[in-house]
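Encoded as structure tokens, the structure appears first; notes follow it.
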Amino acid sequence: MAVERTLSIIKPDATARNITGKINTFFEDAGLKIVAQRRVRLTREQAEGFYAVHKERAFFDELCEYMCSGPAVVQVLEGESAIAKNREIMGATNPANADEGTIRKALGQNVQENSVHGSDSPENAAIEISYFFSTCEVVG
Ligand code: CMP
């Protein structure tokens with residue numbers, strides 16, 4: 001196993017319900033360390049750039065609108081196999097299909113307002129971390 005870093009976003013549905021601390025507890029209880037964190041209000045352009053990979057999907061416009069609808073918290077999580085571990089902690093994209101004990105099962109509202117985002121591969125983690133943070137802002 002290797003120590004990795006992954007990009008996490010606590011989404012607007014979660015900031016609206018004031019549960020960012022509750023979500024961070026899931027990460028910390030699982031042994032992931034928050035090594036960078038910033039509360040942001042994404043612009044439409046930032047949201048479209050971040051989710052560019054989903055540009056052709058039917059939900060793209062709605063997704064970008066939602067991601068700009070309120071504050072989000074962008075974070076870097078660090079730990080052993082952090083990318084896979086974070087995806088395990090988050091649970092399935094659709095909270096209806098997420099396992100018990102996961103963030104999305106406990107706190108997600110629907111397939112779009114699913115409370116958290118996490119990078120899905122080492123390549124995307126590197127791209128997504130650098131989208132929001134410079135090297136000196138990540139302090140392990
Ligand atoms: P995330 O893990 O951030 O990756 C892409 C996001 O698109 C996803 O979480 C959801 O917020 C959203 N999403 C995925 N599938 C759908 C869908 N079928 N309808 C609406 N939004 C979706």
Side-chain angles (χ1 to χ4, degrees):
M1 286 204 295
V3 173
E4 296 174 337
R5 288 176 174 173
T6 190
L7 192 278
S8 166
I9 304 179
I10 301 179
K11 297 183 178 182
D13 70 90
T15 60
R17 287 177 287 151
N18 203 25
I19 54 173
T20 61
K22 199 176 275 186
I23 289 173
N24 280 345
T25 298
F26 276 82
F27 301 139
E28 293 182 343
D29 284 352
L32 293 178
K33 195 189 286 186
I34 300 162
V35 294
Q37 181 166 252
R38 186 165 71 245
R39 189 172 171 101
V40 295
R41 180 77 184 252
L42 293 181
T43 63
R44 177 80 191 200
E45 193 179 22
Q46 282 175 314
E48 286 181 2
F50 184 78
Y51 280 119
V53 66
H54 295 304
K55 210 165 52 227
E56 306 304 330
R57 308 292 286 273
F59 58 80
F60 180 70
D61 271 348
E62 208 187 325
L63 170 63
C64 293
E65 198 173 315
Y66 154 64
M67 290 300 291
C68 302
S69 67
V73 177
V74 292
Q75 322 173 283
V76 180
L77 307 178
E78 181 183 86
E80 291 284 345
S81 305
I83 298 161
K85 187 180 276 186
N86 184 37
R87 292 181 71 76
E88 220 177 284
I89 298 164
M90 290 192 301
T93 303
N94 188 342
N97 302 327
D99 289 338
E100 286 297 337
T102 63
I103 294 172
R104 286 169 170 161
K105 177 71 176 182
L107 304 169
Q109 300 191 295
N110 54 57
V111 70
Q112 178 172 269
E113 297 174 355
N114 59 359
S115 301
V116 280
H117 166 85
S119 307
D120 64 3
S121 66
E123 296 71 28
N124 285 339
I127 293 167
E128 292 181 357
I129 289 169
S130 66
Y131 195 80
F132 288 112
F133 295 99
S134 63
T135 310
C136 65
E137 291 176 311
V138 183
V139 183

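For the single chain, residues carry numbers from 1 onward in sequence order.
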In one Ile/Leu/Val/Met/Phe/Trp/Tyr side-chain cluster, 4.5 Å: V76, I9 = yes

What's the shortest heavy-atom distance between P71 and R39, and which atoms?
-> CG-NH2, 3.6 Å

ILVMFWY cluster, V73 and V138 together (side-chain gap under 4.5 Å) = no

What's the shortest heavy-atom distance between F133 and V74, and which atoms?
-> CZ-O, 3.4 Å

Counting distance only, does the side-chain N/O of S121 pair as donor-acceptor with the main-chain N or O of N124 below 3.5 Å?
-> yes

Do any N or O atoms from the side chain of R104 and from the backbone of G91 form a donor-acceptor pair under 3.5 angstrom?
-> yes

Partners of F50 by ring pair (Phe, Tyr, Trp, His ring centres under 6.0 Å), sequence neighbours excluded?
-> H117, Y131, F132

Would you find a donor on one side and an acceptor on the other, under 3.5 Å apart, between the side chain of R87 and the backbone of G118?
-> yes

Under a 4.5 Å cut-off applied to non-hydrogen side-chain atoms, are K11 and T15 in contact?
-> no

Backbone of A125 reached by a side-chain donor or acceptor of T6 within 3.5 Å | no

Any donor-acceptor N/O pair, E137 side chain to S134 backbone, under 3.5 Å = yes

Donor-acceptor under 3.5 Å (Q46 side chain, T43 main chain) | yes

Going by an N to O cut-off under 4.0 Å, is there a salt bridge joining R44 and D61?
-> yes

Taking all heavy atoms of P122 and all of I83, pick out the closest pair and write down the distance.
-> CA-CD1, 3.5 Å

Heavy atoms only: give me the nearest Y51-M67 pair and the separation to one decimal.
-> CE1-CG, 3.6 Å

Joint cluster assignment, Y66 & V40, ILVMFWY side-chain distance < 4.5 Å = yes

So, do K105 and D99 sit near enough that their side-chain heavy atoms are less than 4.5 Å apart?
-> no

Backbone N or O of N94 within a donor-acceptor pair of the N114 side chain at under 3.5 Å?
-> no

Specify the closest pair of heavy atoms between P12 and A72, including all atoms of both residues, with the distance to one decimal.
-> CD-CB, 4.5 Å

Check side chain to side chain contact (heavy atoms under 4.5 Å, CB included) between I34 and all other residues, then give those that pass, not counting sequence neighbours.
-> N24, E28, Q37, Q75, L77

Spacing of F60 atom CZ and H54 atom NE2 [to the nearest 0.5 Å] | 9.0 Å

Applying the side chain to side chain contact (heavy atoms under 4.5 Å, CB included) test to F26, which of N86, L107, L32 qualifies?
-> L107

Spatial distance of atom CD1 (I129) from atom OG (S119) [nearest 0.5 Å] = 6.0 Å

Spell out, yes or no, whether L42 and I10 are grouped together once hydrophobic residues are joined by side-chain heavy atoms under 4.5 Å, including indirect joins.
-> no

Flag side-chain contact, heavy atom, 4.5 Å: I89 against I103 = yes

Quick one: pull up SG in C68 and CG in L63 and give me the separation to the nearest 0.5 Å.
-> 9.0 Å

Rounded to the nearest 0.5 angstrom, the CD-CD distance for E65 and E62 is 7.5 Å

Drop me the distance from E78's CD to R5's CZ, to the nearest 0.5 angstrom.
-> 4.5 Å

Are any side-chain N or O atoms of E4 and backbone N or O atoms of A82, one a donor and one an acceptor, separated by less than 3.5 Å?
-> yes

Look only at the side chain of S130 and the backbone of A126, and say whether a donor-acceptor pair between them is shorter than 3.5 Å.
-> yes

D29, CG: over 12 other non-hydrogen atoms inside 6.0 angstrom | yes

Is any side-chain heavy atom of V35 less than 4.5 Å from a side-chain heavy atom of V139?
-> no

For the pair R17 (side chain) and D13 (backbone), establish whether a donor and an acceptor sit closer than 3.5 Å, ignoring hydrogens and angles.
-> yes

